[in-house]
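These numbers come from a predicted model, not from an experiment.
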Amino acid sequence: MGKSEGGIEMKNLDLIVSALEEMKSDSVRNYVIAGLDSHLLQNGKVRLFECSRWHQDQITPHSHRFDFACLVLEGYVQNRIWERTSPSKGDLFQCSELSYEGEIGNYAIKRNDQAHFLSTPEIYNEGECYGMKASEIHSIEFSKGAKVLFFEGPTVSNKSIVLEPVVNGEIIPTFEKRDYMFKKDPKGVSQR
């Protein structure tokens with residue numbers, strides 16, 4: 001596929017456009033001039049992730065309650081897609097269902113089955129896009145200085161999946177909410 005003037009492959013730019021199409025609401029046709037349409041993006045959310053340190057912690061493999069698309073503005077990310085596989089190829093994980101309880105980081109957890117999974121990593125650099133469906137399971141790692149624009153589509157489920165390692169019959173509890181996580185900045189902007 002060809003690249004656009006800004007260096008983004010057109011197929012990747014299509015991920016962003018597709019996510020925006022699903023986020024449109026409150027459309028106004030012919031906004032001031034003929035042929036100009038305006039759409040609020042209330043059905044979804046746009047978020048900017050900024051990483052001020054080299055990523056140290058491992059993010060537990062998980063799915064989301066929505067489809068999303070991302071544009072890497074600076075730095076890079078390594079996104080790992082996790083898929084079920086055979087015992088000879090993958091590791092054993094506990095699959096648990098998370099039910100969102102209305103606030104970031106708050107979930108009810110229901111243990112489901114155990115299965116073998118294998119991840120495939122893909123690195124996305126500045127100017128590149130990636131996206132995922134709500135049903136896909138991933139983990140992600142950010143470089144120091146990474147800035148990623150995150151386009152969250154409409155919620156398609158109030159449940160998601162998380163994978164935790166199973167070693168010698170024991171579930172290793174890697175999915176946890178710690179005191180330092182999800183702190184609100186009173187000014188709305190991080191202080192550096």
Margin query: To the nearest 0.5 Å, what is the distance between NZ on K147 and CD on E74?
Written below: 4.5 Å

Checklist line | Verdict with reasoning, Q114 to I171, per side chain to side chain contact (heavy atoms under 4.5 Å, CB included) | finding: CA-CA 10 Å; Q114 294 184 354; I171 299 168; 4.2 Å; yes

Item checked: Sub-4.5 Å side-chain heavy-atom contact between I161 and L98 -> no

Margin query: Angle between ring planes, F68 versus H138, binned at 30° and 60°: parallel, tilted or perpendicular?
Written below: tilted

Next item on the list: Could you check L71 against V148 for side chain to side chain contact (heavy atoms under 4.5 Å, CB included), going step by step and ending with a plain yes or no?
Entry: CA-CA 6 Å; L71 170 60; V148 178; over 6 Å; no

Notebook entry, point to check: Taking the side chain as C-beta and beyond, is there a heavy-atom pair between N112 and K110 under 4.5 Å?
Noted result: yes

Next item on the list: Identify the two heavy atoms, one from E136 and one from G131, that lie closest to each other, and give their separation to 0.1 Å.
Entry: OE1-O, 4.4 Å

Next item on the list: Return the minimal non-hydrogen interatomic distance between T60 and F175, and the atom names on each side.
Entry: OG1-N, 3.6 Å

Item checked: Co-membership, hydrophobic cluster, residues F151 and L73, 4.5 Å side-chain -> yes

Note to self: Contact between I140 and Y130 at the side-chain level, heavy atoms closer than 4.5 Å - yes or no?
What the structure shows: yes

Item checked: Spacing of CZ belonging to R53 relative to NZ belonging to K144, to within rounding of 0.5 Å -> 8.0 Å

Check: Atom CZ of R111 and atom CD of E97: how far apart are they, to the nearest 0.5 Å?
Finding: 12.5 Å

Notebook entry, point to check: Which atom names give the shortest non-hydrogen contact between E164 and I172, and what distance separates them?
Noted result: CB-O, 3.5 Å

Next item on the list: Flag yes if Y100 and V162 sit in one hydrophobic cluster, no otherwise; membership is Ile, Leu, Val, Met, Phe, Trp, Tyr, and two members link when side-chain heavy atoms are under 4.5 Å apart.
Entry: yes

Item checked: From S157 atom OG to H64 atom NE2, the distance as rounded to the nearest 0.5 Å -> 13.0 Å

Margin query: For a 4.5 angstrom cut-off between non-hydrogen side-chain atoms, does P165 reach T174?
Written below: yes

Notebook entry, point to check: Where is the tightest heavy-atom contact between S160 and R65, given as atom of each residue plus distance?
Noted result: CB-CG, 4.3 Å

Next item on the list: Please tell me if the side chains of K133 and D67 come closer than 4.5 Å, counting only heavy atoms from C-beta onward.
Entry: yes

Check: Are any non-hydrogen side-chain atoms of Y76 and Y124 less than 4.5 angstrom apart?
Finding: no

Check: Considering all heavy atoms of both residues, which atom of S96 and which atom of I109 are nearest to each other, and what is their separation?
Finding: CB-CG2, 3.9 Å

Check: What class does the angle between the rings of F150 and F66 fall in, given that below 30° is parallel, 30 to 60° is tilted and above 60° is perpendicular?
Finding: perpendicular

Check: Distance from E122 atom CD to T120 atom OG1, nearest 0.5 Å?
Finding: 9.0 Å

Next item on the list: Report yes if the side chains of E170 and V167 come closer than 4.5 Å at any heavy-atom pair, otherwise no.
Entry: no

Checklist line | Heavy-atom closest contact (R80 atom, W82 atom, distance) | finding: O-CD1, 3.5 Å

Check: About how many Å separate CG of L163 and SG of C95, when rounded to the nearest 0.5 Å?
Finding: 5.0 Å

Checklist line | Single-linkage hydrophobic cluster, 4.5 Å side-chain cutoff, I59 and F117 together | finding: no

Next item on the list: Could you check if a side-chain atom of W54 sits within less than 4.5 angstrom of a side-chain atom of F142, using non-hydrogen atoms only?
Entry: no

